[in-house]
Amino acid sequence: MSDYIHWSLAGTGLSLRGCNVDEILSERPDVRWFEALVDAHIVDGGERLHNLERIREHYPVTLHGLGLALGSTSPLDTGYLVRIRALADRIDASWISDHICFTSLGNCFSHEVLPLPYTEEALDHIASRIMQVQDFLGRRILLENPARYLGYNHSTLSEGEFMAEMAERADCYLLLDVNNSYVTQHNLGADALDTIDCLPPQRVREIHLAGYDERDGCMLGGHNNPVREPVWALYEAAQKRFTGTPTLIEWEHDIPDLKDALRDVRRAKRVMHRAQNGLRKPAGVPAQGVRSPG
Amino acid sequence: MRLAELQSALDAALAGKECPELHRLVVSLKQSPEDCLALYRQLLRRAHVNALQQLFPACARLLGQDHFQLLAEFYSAQIAAGAGFDPFGAQFPGLMESYRSSHAELEPLVFLADLATLEWHLQEARSARDDPALDLESWASLPRRQQHRMQAVVSYSLGLQYSRWPLAEIRDAVITDRPWQELLAGKGGWLCIHRHLDRLCIEPISETQARMLNGIRQGLSFDSLGYDLNLVQQLLPLMIARGWICRLRMPSDQEPAPES
C-alpha cells in the first residue's frame with residue numbers, strides 16, 4: 001500500500017467549512033493547507049466542488065469524513081467508498097481521515113459520531129474494517145478520536161490504548177483531536193494526557209484543534225468557538241510528544257471571518273515552532289525534532 | 001452486550017425507545033445515562049433540523065422557528081424510526097403539505113408544498129453532475145434529412161415544475177424579507193430549474209417548452225416529440241443557449257426505442 005502522506009503539509013491548516021473561497025483566493029492567507037469535508041463534496045459537479053478545485057490549485061487539500069462509520073456493524077457502504085476515492089483522485093487529496101465511531105441509521109445526515117465501547121470485540125471489528133477501506137482506497141487513512149458524551153462500563157481499554165492498538169493492527173494513522181480529548185476528559189474522566197502518552201508518535205499524522213461548548217455541565221465538541229486555553233495547554237503537550245505534526249484549526253458552526261479564524265492558525269504555528277525549537281522541553285518525554293519527509 | 005446489540009440499542013434509544021439494558025452500560029461523570037442518551041438524541045435532531053433548514057430556507061422562514069422545528073423533528077423521528085428517507089429531504093415537501101393542512105393558522109400558505117418542491121429542485125440542481133461540453137459540430141455535420149432522428153439530452157441539473165402560484169417571485173420575496181401576500185394574485189406557470197455555469201437559475205417557460213423538454217428528457221427523438229420539426233428547430237437554439245440542453249446525439253439503431 002502506498003505510504004502517501006504529504007509531509008510538505010507540516011504546518012498549520014484550516015477547515016474550509018464556511019470559508020469564503022473568493023476571499024481565500026484573493027488574500028492567499030498563510031495557511032499550509034485546507035481541509036474539506038468529504039460529505040459536502042461527494043457530488044459530481046456544482047459550485048462547491050469547483051470551489052474546492054480552485055482552492056486546490058493553490059493549496060494542498062485533505063479530506064475529512066463523518067460517514068465511513070468504521071465502527072458500525074452494518075455493512076460498509078461501498079458506493080460511498082467509490083465516491084470518496086473518486087473525490088480524492090479528482091483533487092489529489094493529501095490524505096483522508098474519519099472518526100473512531102459508528103454513525104446511526106446509515107449515513108442519513110446524522111453526522112453525530114456515536115462512541116464505540118473500547119473492547120477487544122470493537123477493536124477487532126474496527127481494525128478489520130479499516131484494513132478493508134485502506135485496501136479499497138489504496139492508501140492509509142487517519143482515524144480521529146471523537147468527542148464523547150457517554151462511556152460504557154464494559155470498556156476494557158482506555159482511549160489511548162484502543163487507538164494505539166487499532167493503529168498497529170490496521171496499519172493506519174491517527175488524527176489526535178486535542179479538543180475532543182479535553183471534552184472526553186471533562187465528561188468521562190478519561191485523562192487526556194494519558195491518551196497523548198499512549199499514542200505511538202510515528203502513527204500520529206495530524207492534530208485537530210477546535211473550540212468546545214458547554215451545556216448543563218456537559219462539554220460538547222462544538223467546533224463553534226476559538227480554541228480555549230485548556231485545549232491550548234494540552235496542545236503544547238501534544239506538540240512536545242508529536243513535534244511538527246501538522247495541525248488543523250477546525251470550525252463547524254458560528255464560523256468567524258477568515259481574519260479571526262487565522263488568529264488560532266497563527267497561535268498553533270507558534271506553539272509548533274516552540275516545540276520544534278525545543279524551547280520548552282517536555283518533562284519525561286524526549287522531543288523528536290522536526291519530522292523528515294516520507 | 002455484543003457490539004451489534006449495543007449499536008441497535010443505541011439506535012433504538014435515539015429513536016426515543018426505552019432501553020434499560022443500555023442504561024445499565026452507559027457511564028458519565030456529569031450526567032445520568034438517561035441524560036447522556038437524551039443529549040445524543042437532541043444533537044441528532046438538531047443536525048437534522050439544521051440540514052433541513054439549509055435545504056428549505058424559504059419554507060423555514062415562512063413557517064417560523066416553532067413550526068419548522070416541530071416539522072423537522074417529526075421528519076427526524078421518522079428517520080430514526082427507520083423510514084427509508086433517501087436522499088435526505090426528498091420527502092419533506094409532501095410532509096410539509098400534510099402538516100400545513102392540519103394547522104389552521106398555516107392556511108394562507110397554500111403554496112407551501114410547491115415552494116418546498118422548488119427548493120428541493122434547487123438542491124438537486126446545486127449538486128447535479130456537470131454537463132459535458134456541447135458538441136455542435138456533429139449536429140452541424142449531419143445531413144439535414146437525418147436531423148429529425150436526433151435526440152437531445154437535457155442538463156443533468158434540469159428540473160421542471162408547474163405551479164399555479166408565482167413561486168420564483170414568492171421565494172425571492174421571502175428570502176429577502178419582503179411581503180409576499182400580494183404576489184399570490186399573480187400568475188403561476190411552468191418553471192425550469194437548472195444550474196448554468198455554477199449559477200442556480202429559475203426561469204419561467206411556456207407550456208410548449210415544458211412539454212418539449214419533458215419529452216426530450218424521456219429520450220424521445222425530435223420526430224417523436226409530437227411537434228412540428230420546424231418548431232423544434234426554432235426552439236432548440238434557445239434551449240441550448242440557456243443550458244437546458246447539454247448534448248445532441250444520434251440514437252444507435254441497436255438501442256431500444258424509449259417509452260413515451
Side-chain angles (χ1 to χ4, degrees), chain A residues 39-51 66 69 71-74 101-117 119-126 147-155 184-190 214-221 252-253, chain B residues 1-8 10-15 22 24-33 35-48 50-52 55 76 79-89 124-131 156-157 195 197-200:
Chain A
D39 305 79
H41 294 93
I42 45 173
V43 287
D44 298 317
E47 186 179 26
R48 201 178 276 185
L49 183 61
H50 299 153
N51 277 343
L66 290 150
S72 173
T73 52
S74 54
C101 70
F102 70 102
T103 48
S104 172
L105 311 159
N107 294 317
C108 205
F109 255 81
S110 83
H111 290 182
E112 200 49 62
V113 294
L114 300 173
L116 283 174
T119 60
E120 276 296 325
E121 185 198 12
L123 191 51
D124 273 346
H125 180 72
I126 195 168
R148 291 188 297 148
Y149 317 135
L150 63 78
Y152 305 99
N153 61 20
H154 66 307
S155 287
T184 301
Q185 171 179 284
H186 176 89
N187 294 333
L188 308 182
E214 287 179 81
R215 187 191 295 182
D216 302 330
C218 188
M219 210 170 259
L220 303 179
E252 192 174 341
H253 305 292
Chain B
M1 192 185 276
R2 305 277 300 175
L3 188 60
E5 293 164 347
L6 172 79
Q7 294 185 4
S8 299
L10 200 49
D11 270 351
L14 291 176
L22 186 62
R24 283 195 286 276
L25 280 185
V26 167
V27 290
S28 160
L29 280 185
K30 305 290 175 188
Q31 292 185 303
S32 67
D35 288 343
C36 287
L37 294 169
L39 175 61
Y40 274 101
R41 200 156 42 235
Q42 282 167 22
L43 293 171
L44 186 62
R45 297 275 161 90
R46 194 176 67 181
H48 283 154
N50 288 344
L52 288 169
L55 292 175
S76 172
I79 292 174
F85 286 175
D86 189 27
F88 180 85
E124 293 199 303
R126 190 176 288 120
S127 55
R129 188 171 158 187
D130 288 333
D131 291 323
Y156 291 112
S157 67
R195 189 183 79 225
L197 303 175
D198 279 355
R199 197 168 53 87
L200 291 175

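Convention: sequence-line order gives letters A, B, ...; per-chain numbering from 1. This is a predicted model, so every value here is computed, not measured. Values below: every heavy atom of this structure, side chains too, minus hydrogens, waters and symmetry copies.
A pairwise comparison of heavy atoms in A:Cys218 and B:Leu39 identifies SG-CD2, 3.6 Å as the closest pair. Of all heavy-atom pairs spanning B:Tyr40 and A:Tyr149, the tightest one is OH-N, 3.0 Å. B:Arg24 and A:Asn153 make their closest contact through O-ND2, 2.8 Å (heavy atoms, listed as atom of the first residue, atom of the second, distance). Closest of all the heavy-atom pairs between A:Gly45 and B:Arg195 is C-NH2, 3.8 Å.
Within the 4.5 angstrom heavy-atom criterion, atoms from both the backbone and the side chain of B:Leu3 approach chain A. Looking at A:Ser72, the atoms closer than 4.5 Å to chain B (heavy atoms on both sides) sit in the backbone and in the side chain alike. Looking at B:Ala128, the atoms closer than 4.5 Å to chain A (heavy atoms on both sides) all sit in the backbone: N, CA, C or O. Proximity to chain A (any heavy atom under 4.5 Å) is shown, for B:Gln7, by both the backbone and the side chain. Using a 4.5 Å cut-off between heavy atoms, B:Arg126 contacts chain A through its backbone alone, with no side-chain atom that close. Contact of B:Leu25 with chain A is made through backbone and side chain together, with heavy-atom distances under 4.5 Å. Contact of B:Gln42 with chain A is made through the side chain alone, with heavy-atom distances under 4.5 Å. In this structure, the portions of B:Arg2 lying under 4.5 Å from any heavy atom of chain A include both its backbone and its side chain.
Contact of the B:Tyr156 side chain with the A:Asp44 side chain is not registered, since no non-hydrogen atoms from C-beta on lie closer than 4.5 Å. Contact check for B:Leu14 versus A:Leu114: side-chain heavy atoms found under the 4.5 Å cut-off.
If you take CG on B:Leu6 and CZ on A:Phe102, they are separated by 5.5 Å, rounding to the nearest 0.5 Å. Going from atom CG of B:Leu43 over to atom CG of A:Leu220 covers 6.0 Å, rounded to the nearest 0.5 Å. Separation of atoms CG (B:Leu29) and CG (A:Leu150) is listed at 12.5 Å; rounding is to 0.5 Å.
Around CZ of B:Arg129, the count of heavy atoms belonging to other residues, nucleotides or ligands within 6.0 Å does not exceed 12.
Looking only at heavy-atom pairs under 4.5 Å with chain B, the residue among A:His154, A:Arg215, A:Glu121 that has the most is A:Glu121. Heavy-atom pairs under 4.5 Å with chain A were tallied for B:Pro33, B:Ser127, B:Ser8; the largest tally goes to B:Ser127.
Counted by atom type alone, A:His253 and B:Asn50 present zero donor-acceptor pairs between their side chains at under 3.5 Å.
When the side-chain contact (heavy atoms from CB on, under 4.5 Å) test is applied to A:Leu49, the partners found at least two apart in sequence or on another chain are A:Val43, A:Leu87, A:Arg90.
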